[in-house]
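Scope of the values below: all heavy atoms of this structure, side chains included, with no hydrogens, waters or symmetry mates. Owing to the predicted nature of the structure, the values given are computational and were not obtained by experimental measurement.
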Amino acid sequence: MSSPGSGMFSGFTKLCKGLAVILIGGHVVVQLLPTSVTYLALIPARTIPFGWNLITAGYIEQSVHGVVVSTLGLLFMGKLLEPIWGSKEFLKFIFIVNFLTSVCVFITAIALYYLTMQEKYLYMPLSGFHGVLAGFLVGIKQIVPDQELYLLKIKVKWLPSLMLLLSIAISFFTPESATYLPSLIFGTYIGWIYLRYLQRKPESKLRGDPSEDFAFSTFFPEFLRPIIDPIASIFHRMLCGKSEASSNPQGYTLGGAPLLGSDPIEASRRRERGARALEERLAAEKLAAGRDSEEPHIDGNDRV
């Protein structure tokens, strides 16, 4: 007999389960063989010649609470994102965000060393899946931005911003923040860059999501957006100025205004698909919970 809350813990995809096994396995390896951290985690002073740690570091959790949070985050957020993106795109997103986050963390550590001349930035073992989890939050923000969390009473679109704000606040009181804060910041930004400019839409010939609802300034409160937008527009022209001009015949933007029938409609469809998938999943979980709660009554009647 299944428990009443089993619906919440069902429906995980095979890919997410496989990745969860990798995360748990990586944690077990570094616990049984502590020296393996030298080869698997990102240690900036040893990244050359151990360049593979730019990839492996993201799948190595050194603490118990880290592997628990990463595994649960992967399973629950993957349950929403993978059916919408597809398994191939989901895995591609994880690989790109993980690798580029590690590259950015490596560059940051080297820069901090030359600025401070403190060797701890070169030899601190950095690892964890939290950069990808931060990217997942950006993906959820894109798909169901106006979905309200039942317990927190806040909209999903604010989750990445609140996560970063809380992490930065905690960093002032915990010296260990150097091991996770850069990954969270770069994971959020790279996840947004990929979804904003690079993600290919299988149902169209367009890439990315140039809608105003997914602009960089939407990560900030309303009163800061007039300041953020001019700065973000500079990077926008640097990143997609040429591709935007070449994509106009297919329906991107012209003079900053979306063409009819192009990106806003596609973005709206994507959000509708995300909201519909979330509603269906919640309904299925409620139905499963209802069936589980009825089973004891049925068994009691059978015994009578």
Side-chain angles (χ1 to χ4, degrees), residues 12-78 81-82 87-88 90-114 116 118-137 163 167 170-171 174-191 194:
F12 302 129
T13 65
K14 292 182 179 179
L15 177 58
C16 288
K17 292 178 181 178
L19 292 172
V21 170
I22 293 176
L23 292 178
I24 296 173
H27 175 71
V28 172
V29 168
V30 297
Q31 295 302 312
L32 297 178
L33 301 172
T35 56
S36 63
V37 174
T38 305
Y39 303 96
L40 298 177
L42 175 61
I43 302 177
R46 298 175 179 174
T47 298
I48 300 174
F50 301 157
W52 60 79
N53 60 31
L54 292 172
I55 297 176
T56 59
Y59 307 102
I60 301 299
E61 290 289 353
Q62 300 180 51
S63 63
V64 174
H65 65 271
V67 73
V68 170
V69 171
S70 294
T71 301
L72 293 178
L74 167 65
L75 291 174
F76 282 100
M77 288 192 278
L81 293 173
E82 186 185 344
S87 298
K88 182 178 179 181
F90 182 73
L91 191 60
K92 181 180 177 182
F93 178 86
I94 291 175
F95 178 82
I96 290 176
V97 172
N98 174 60
F99 176 70
L100 292 182
T101 296
S102 295
V103 171
C104 292
V105 170
F106 169 75
I107 295 173
T108 301
I110 298 297
L112 288 173
Y113 167 72
Y114 282 108
T116 64
Q118 296 184 25
E119 291 189 353
K120 68 177 183 178
Y121 294 114
L122 293 180
Y123 294 98
M124 181 184 298
L126 306 170
S127 65
F129 198 67
H130 32 271
V132 177
L133 294 182
F136 283 165
L137 288 179
M163 178 270 298
S167 300
I170 293 175
S171 69
T174 56
E176 296 81 8
S177 61
T179 62
Y180 66 83
L181 185 58
S183 295
L184 292 176
I185 293 174
F186 288 122
T188 300
Y189 187 64
I190 292 170
Y194 179 79

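The side-chain heavy atoms of W52 and F50, taken from C-beta on, include a pair separated by under 4.5 Å. The shortest side-chain heavy-atom distance between I24 and V67 falls under the 4.5 Å cut-off. Two residues are said to be in side-chain contact when any heavy atoms from C-beta on lie closer than 4.5 Å; S102 and I55 fail this criterion. With contacts defined as side-chain heavy-atom distances shorter than 4.5 Å, the pair I94/F136 qualifies. No side-chain heavy atom of F129 sits less than 4.5 Å from a side-chain heavy atom of T71.
Note: I107 CD1 to T47 OG1 = 11.0 Å, rounded to the nearest 0.5 Å. Taking CG of L74 as the reference point, atom CG of L81 lies at 10.0 Å (rounded to 0.5 Å). Atom SG of C16 sits about 10.0 Å away from atom CG of L91, to the nearest 0.5 Å. S167 contributes atom OG, which lies 4.5 Å from atom CG of L184 (distance to the nearest 0.5 angstrom). Interatomic distance, CG of L23 versus CD1 of I60, reported as 8.5 Å (0.5 Å rounding). Taken to the nearest 0.5 Å, the OG1 atom of T116 stands 5.0 Å off from the OH atom of Y121.
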### Message
Walk me through whether N98 and Y59 qualify under side chain to side chain contact (heavy atoms under 4.5 Å, CB included).
### Response
CA-CA 9 Å; N98 174 60; Y59 307 102; 3.5 Å; yes
Please tabulate, for side-chain N and O atoms in residues 25-45, each donor-acceptor pair with protein atoms closer than 3.5 Å (sequence neighbours left out).
{"unit_1": "H27", "atom_1": "ND1", "unit_2": "E61", "atom_2": "O", "d": "2.9"}
{"unit_1": "Q31", "atom_1": "NE2", "unit_2": "Q62", "atom_2": "O", "d": "3.1"}
{"unit_1": "S36", "atom_1": "OG", "unit_2": "L33", "atom_2": "O", "d": "2.6"}
{"unit_1": "T38", "atom_1": "OG1", "unit_2": "T35", "atom_2": "O", "d": "3.4"}

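Of the possible polar contacts, none joining the T101 side chain to the G131 backbone as a donor-acceptor pair under 3.5 Å is found.
Remark: Y113 engages no residue in a ring-ring contact (aromatic ring centres under 6.0 Å, His included) (not counting sequence neighbours). S87 is linked by a side-chain contact (heavy atoms from CB on, under 4.5 Å) to L15, E82, counting only residues two or more places apart in sequence or in another chain.
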